[in-house]
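Presented below is the structure to which this report refers.
Ligands are counted one by one from 1 in listed order, and the atoms in each one are counted from 1 as well. One-based numbering along the sequence shown.
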Amino acid sequence: MQEDLARKLGQACGYEDWSLFLVNSGAEANENALKLASFHTGRDKIVAFHGAFHGRTSGAVAVTDNPKIQAPFNAHHKVAFATLNDLDSVEQELRGGDVAAVILEAIQGVGGIRIATDEFLQGLRALCTKYGTVLIMDEVQCGYGRTGWFFAHQKAGITPDLVSVAKGMANGFPIGGVLISPEFKATKGMLGTTFGGNYLAMAGAHAVLDIIRKENLLENVSRTGAWLKANIPTSPLIKEVRGEGLMLGIEFTQPVADIRKKLLFEKHIFTGVSGTSMIRLLAPLVLSVDDAAIFVQALKEVLNA
Ligand SMILES: *Cc1c(COP(=O)(O)O)cnc(C)c1O
């Protein structure tokens, strides 16, 4: 069942000869991706980005006193933060030759729908190859069809070394995974898990991939997302609308708490948030244009636009 899922996920995203290590959450997927990068390179430094969100665990491995399962580093002690879409700020860190991995979201979710440009991702891929650094794409939020691409980084035409997934993978049931490029050294015995790959999670993950394919959801996300983005009302209160597919952020010129309250209590629409002045929309991938139109109308009424 786990092997079938790895095969099915590989087919869905186009990384057919990759391995899949199954875990239970996004944070755990990233922890394991960072461990793998460290094992693979023998290095201990990580480069992440300002505004990034990768999960809440704090590296349980740092308090593990068993050489067989202990990572050779604690990620939390050697992290440098570079600036998104600024290749120089990354190369500055990579030059020392001690960076195991660069980890990033192709679109920062919690950070406020900040988009890594195609050129930046392509440049980053080249830099990581040049310096022998592992490129980890955290697709926990922006992946699994959310942007209309299976993975958000695929829009830039790049192939990372590791991809972490979770959130949408079993449509709400806890599961996560690390997709591992075939170029990676054998990792047997380096990683472990108790609940990873459990049968209930597998059933959910299989169903999600089946439905994404059968119902053509990537196409639906592109179509509905493009319509929604183009039809967000213009208003003096709205500064910018950005995002891709059904991962959209509406940035306001003022805090959005009252607008969100009105949307919820008067229009019965629950919206997400990022910071204080952005409404973050992460609608279900099955959202239709008709559904989206209900939201647009409600927002117009709430904003008097
Ligand atoms: C939610 C999220 C995580 C953490 O996932 P959990 O399942 O909550 O541990 C990691 N990265 C990104 C980009 C996320 O949005």
Q | Salt-bridge contact D210-K8 (side-chain N to carboxylate O under 4.0 Å) | A |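 K8 and D210: salt-bridged.
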Q) Should R114 and E105 count as an ion pair when the cut-off is N to O under 4.0 Å? A)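 Between E105 and R114 there is no salt bridge, as every charged N stays at least 4.0 Å from the carboxylate O atoms.
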(Q) Counting neighbours of CZ on F81 that are heavy atoms of other residues, nucleotides or ligands and sit closer than 6.0 Å, is the number greater than 12? (A) yes
(Q) Looking at N231, I want to see if its CG is surrounded by more than 12 non-hydrogen atoms of other residues, nucleotides or ligands under 6.0 Å. (A) yes
Proximal atoms of ligand 1 relative to [X] (non-hydrogen, under 4.0 Å):
X: N30; result: 10 (C), 11 (N)
X: G55; result: 4 (C), 10 (C)
X: H54; result: 10 (C), 11 (N)
X: S25; result: 7 (O), 9 (O)
X: E105; result: 13 (C)

Looking at ligand 1, does any of its N/O atoms fall within less than 3.5 Å of an N/O of [X]?
X: K167; result: yes
X: G26; result: yes
X: D138; result: yes
X: A27; result: yes

Q) Counting heavy atoms only, which part of A166 comes closer than 4.0 Å to ligand 1: side chain, backbone, both or neither? A)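 It is neither; nothing of A166 touches ligand 1.
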Q. So Y144 and F151, would you call those rings parallel, tilted or perpendicular, with 30° and 60° as cut-offs?
A. perpendicular
Q. Parallel under 30°, tilted from 30 to 60°, perpendicular over 60°: which one fits the rings of H40 and F184?
A.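 H40 vs F184 ring planes: parallel.
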Q: Nearest 0.5 Å please: distance from the CG atom of L281 over to the CG atom of L299.
A: 8.5 Å
Q.
Any protein heavy atom at under 4.0 Å, with atom 8 (O) of ligand 1 as the reference point?
A. no
Q) Out of L162, L191, T193, which one pairs with N32 under the side chain to side chain contact (heavy atoms under 4.5 Å, CB included) rule? A) L191
Q: Would you please determine whether V110 falls within less than 4.0 Å of ligand 1 on a heavy-atom basis?
A: no
